[in-house]
Participant: 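Okay, handing you the structure first.
Order of the sequence lines fixes the chain letters, A, B, ..., with proteins taken first and strands second; residue numbering starts at 1 for each chain.
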Protein chains: 2
Amino acid sequence: MAGIKDVAAAAGVSVATVSRVLNAHPSVSEDARARVLAAVDELGYRPNAVARSLRTAQTRTLGLIISDVMNPYFTELARSVEEQARALGYSVIIGNADESPRLQDDHVRTLLDRRIDGLLVSPTDGGSPQLLDAARAGTPTVFVDRWIPGVDVPVVRADGRSAVRDLVAHLHALGHRRLAIIAGPAATTTGSERVAAFRAALGEYGLELPEEYVGQGDFQAESGRRATEAFLALPEPPEVVFAADNLMALGALDAMRARGLHIPDDIALAAFDDIPWFVHTDPPITAIAQPTRELGRAAVRALTALIEGRRVRSVTLPARLVVRRSCGARSDAAAPPSRPRPRSNP
Amino acid sequence: MAGIKDVAAAAGVSVATVSRVLNAHPSVSEDARARVLAAVDELGYRPNAVARSLRTAQTRTLGLIISDVMNPYFTELARSVEEQARALGYSVIIGNADESPRLQDDHVRTLLDRRIDGLLVSPTDGGSPQLLDAARAGTPTVFVDRWIPGVDVPVVRADGRSAVRDLVAHLHALGHRRLAIIAGPAATTTGSERVAAFRAALGEYGLELPEEYVGQGDFQAESGRRATEAFLALPEPPEVVFAADNLMALGALDAMRARGLHIPDDIALAAFDDIPWFVHTDPPITAIAQPTRELGRAAVRALTALIEGRRVRSVTLPARLVVRRSCGARSDAAAPPSRPRPRSNP
DNA sequence: ATCCTCCGTGTAATCGATTCCACGGAGCCC
DNA sequence: GGGCTCCGTGGAATCGATTACACGGAGGAT
């Protein structure tokens, strides 16, 4: 493969001049520029990014560590990140952590070895030593979706509280009073936050969230199935099951069907995270949609800003309720219900 | 960040010795090795992969170009590729081509600039100039799932013919005679092959595949919906719709529901590519499952072999039929039906 | 006419590793 | 004891770019 020296020789100039032309340095004569460009074209020369990286100490590569690529939410996030990164001239190396801190550490280490310019992470519970070291050591880092409390790293995420409130209002208006939730792992921020938001929203309607109406899940379908079965075995089962992520909602759906229940007449179902498939299930599932594409874009923007040395603040985007038929709504409309009148006791 | 020189100084040896220790070169004294290791540990030294790559002319990085990451089939493929690559000490840079040859070329170019060791591609229709150049120029390349006829590149894929035959046998046994297919883009190998396999299998039962029973899709859900609507508008609609990929099957499902049809009583549905969601739809969808994980693994194995200079042959793995309820099967069992007796005219 | 400035250009140092080659010393054989 | 072969080691070249610095010549100011 042709190198910069070959180009220099072919154009009858020095390598310095070639480099200047390629990097749009101002002081190059029009004549030299033309000859270099011609030589580049003729030889099909492409600069070696590895050599360039060594010299400039930047790779124009971002590392993205995700907890579960098979989860459509994260898939979409990854896609959006890759897209935006490419638009800004960055490549993305993806690592799947599979909810394992060990694997996450492994990825952080290889990414650091490869001298990526920045790290985008949706951390597993509590994070992992390598990750924390990297962040503290000054590697430009941005958390997306999940974050680690107490670590000084910008976070890009969606705030579901208002959407959860809308959801509860919607459910309440439909006459539901016994609402249950399938929570994610308590150690993840998204896991605990969603439960808190749900409980708070219920409180506004004077509703309780009893212990037995909080199922413990792990963001995987199977755990949603198990939690739902436990709910259904209760002397007084809930009228609504709200799953804290899309996979658990799917598991819940299975469990309900296995019991021969009709949705939404016998029991209602709602989910956090909207995914394309929820339109195609029977019935279509009411869900809280995160602005996933925007999150990915914002995360990359924040990270590149950080890389360029600018100061960056965390970004929080609102999630919104998408009403479908799984809770008993008459229409398919996506309009959020009107604001609840807080503390209107039943 | 500490460099190899710092380690050498701290250990009281030359950089050459440090490098030898790190690369497990035999001729290093036990004493020197110990001192180097101690220094490495103390300084928290990690070799700079960029510098190493420049010198050794290998990056231990693979490029993966996929036509649609949001398609669960490709997501799973990507995941499996990343997993296997990591196991072999490679990182993966993913590029989403979005079925666009231009975008695909763009990705090939940046990947080549980054001097990736090998390229894994599921090419868009007809490929693209850069890609063909790269393959011809000797960049280790392997095609997955799809391939480009006439290009001398190993292909790792699933052969669906036998599974399609099983499917047709299954449908025939259930009494269905009017079978339609929603095809993928004719320019993709997977697009045309599946139709051919379907037609051949029908032939074994003396069944025709009339022109109007071949819908033209593009592997996206919306095209599946449109094609299905066209089928249903026919004077004599098909009894079965077979979608050549999972997204189009979803679109077909929607179209059938919109018409108020009951599956499988009014019309049957089957799909190529099995995905986790097909278990959760109502009814669960009969599908042809590719050994996706194995494909990813095999692809990485083939590519790394190619990189190491070994000769590599194409790999074809069998797909298998997974019978669920969307075609009218009584059971949920996954056992394939018995072999058809060819040419048994109706 | 002389000096200064600025512009275009080339030479060479540099990034951080790997690796070829040379060298000194130890051990072995005859 | 002299010559050989290994073995462990270090010096220096190398990978392919970027870039600091030096330099020669043109043009403007005095």
Participant: Can you check the A:Lys5 NZ to D:dC15 C1' distance for me, whole Å?
Facilitator: 8 Å
Participant: Using five base pairs at each end, measure the axis-to-axis angle across the helix from C:dA1-D:dT30 to C:dC30-D:dG1 and round it to 10 degrees.
Facilitator: 50°
Participant: How would you list all residue pairs meeting salt bridge (Lys or Arg N to Asp or Glu O under 4.0 Å) that involve residues 65-81 of chain A, not counting sequence neighbours?
Facilitator: A:Arg79-A:Glu83, A:Arg79-B:Asp98
Participant: Roughly how many Å is it from CG in A:Leu43 to P in D:dA17, rounded to a whole number?
Facilitator: 12 Å
Participant: My understanding is that only residues two or more places apart in sequence, or in another chain, count here; which of them pass side chain to side chain donor-acceptor pair (under 3.5 Å) with B:Thr59?
Facilitator: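 For B:Thr59, the residues satisfying side chain to side chain donor-acceptor pair (under 3.5 Å) (neighbours in sequence not counted) are B:Asp117.
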Participant: Looking at every strand, decide which applies to B:Thr56 at a 4.0 Å heavy-atom threshold: base, sugar-phosphate, or nothing.
Facilitator: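 Result for B:Thr56 = sugar-phosphate.
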Participant: Counting only pairs under 3.5 Å, give me each side-chain donor-acceptor contact of residues 134-142 of chain B, with atom names and distances, residues two or more places apart or in other chains.
Facilitator:
unit_1, atom_1, unit_2, atom_2, d
B:Thr139, OG1, B:Ala134, O, 3.2
B:Thr141, OG1, B:Thr139, O, 2.7

Participant: Please give me every residue in residues 46-55 of chain B whose heavy atoms get under 4.0 Å of an atom in DNA chain D, ordered by residue number.
Facilitator: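 Heavy-atom cutoff 4.0 Å gives B:Leu54, B:Arg55.
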Participant: Rounding to an integer number of Å, can you tell me how far A:Leu22 CG sits from D:dT19 P?
Facilitator: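 Answer to the nearest Å: 12 Å.
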Participant: What string of B, S and - do you get for nucleotides 5-10 of chain C, 5' to 3', when a contact is any protein heavy atom under 4.0 Å?
Facilitator: ---SBB
Participant: Per the salt bridge (Lys or Arg N to Asp or Glu O under 4.0 Å) rule, what does the pair list look like for residues 37-65 of chain B, sequence neighbours excluded?
Facilitator: A:Asp113-B:Arg46
Participant: Could you state the CD1-P distance from B:Ile4 to D:dA12, rounded to the nearest angstrom?
Facilitator: 17 Å
Participant: Hey, could you give me each pair passing salt bridge (Lys or Arg N to Asp or Glu O under 4.0 Å) that has a residue in residues 8-34 of chain B? Not counting sequence neighbours.
Facilitator: B:Glu30-B:Arg33, B:Asp31-B:Arg35
Participant: Hey, what do you get for OG1 (B:Thr61) to CD1 (B:Ile116), rounding to the nearest 0.5 Å?
Facilitator: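 Result: 8.5 Å between the selected atoms.
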Participant: Looking at A:Arg297 and A:Glu82, is there a salt bridge between them, counting it only when a charged N and a carboxylate O are closer than 4.0 Å?
Facilitator: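 Result for this pair is no, no salt bridge flagged.
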Participant: Starting at CZ of A:Arg115 and ending at P of C:dG16, how long is that distance when rounded to a whole Å?
Facilitator: 9 Å
Participant: Show me the side-chain donor-acceptor pairs of residues 2-19 of chain B shorter than 3.5 Å, one per line, residues at least two apart or across chains.
Facilitator:
unit_1, atom_1, unit_2, atom_2, d
B:Asp6, OD2, B:Gly3, N, 2.6
B:Ser14, OG, B:Ala16, N, 3.4
B:Ser14, OG, B:Thr17, N, 3.4
B:Ser19, OG, B:Asn23, ND2, 3.3

Participant: Take the protein atom CE of B:Met1 and the nucleotide atom P of C:dC15, then report the distance between them rounded to whole Å.
Facilitator: 16 Å
Participant: Return the set of residues passing side-chain contact (heavy atoms from CB on, under 4.5 Å) with A:Arg313 (not counting sequence neighbours), or none when no residue passes.
Facilitator: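 Testing A:Arg313 for side-chain contact (heavy atoms from CB on, under 4.5 Å), a comparison that skips the adjacent residues, returns none.
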Participant: Can you figure out which of C:dT18, C:dA17, D:dA17 approaches the side chain of B:Tyr45 most closely?
Facilitator: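 It is C:dA17.
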Participant: Under the side chain to side chain donor-acceptor pair (under 3.5 Å) rule, collect the residues that match up with A:Asp218, sequence neighbours excluded.
Facilitator: A:Ser223
Participant: What is the distance, rounded to the nearest whole Å, between atom CZ of B:Arg114 and atom P of D:dG16?
Facilitator: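 The answer, rounded to whole Å, is 18 Å.
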Participant: Suppose we screen for side-chain contact (heavy atoms from CB on, under 4.5 Å). Which residues come up paired with B:Arg310, at least two apart in sequence or across chains?
Facilitator: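 Here the qualifying residues are B:Ala305, B:Glu308.
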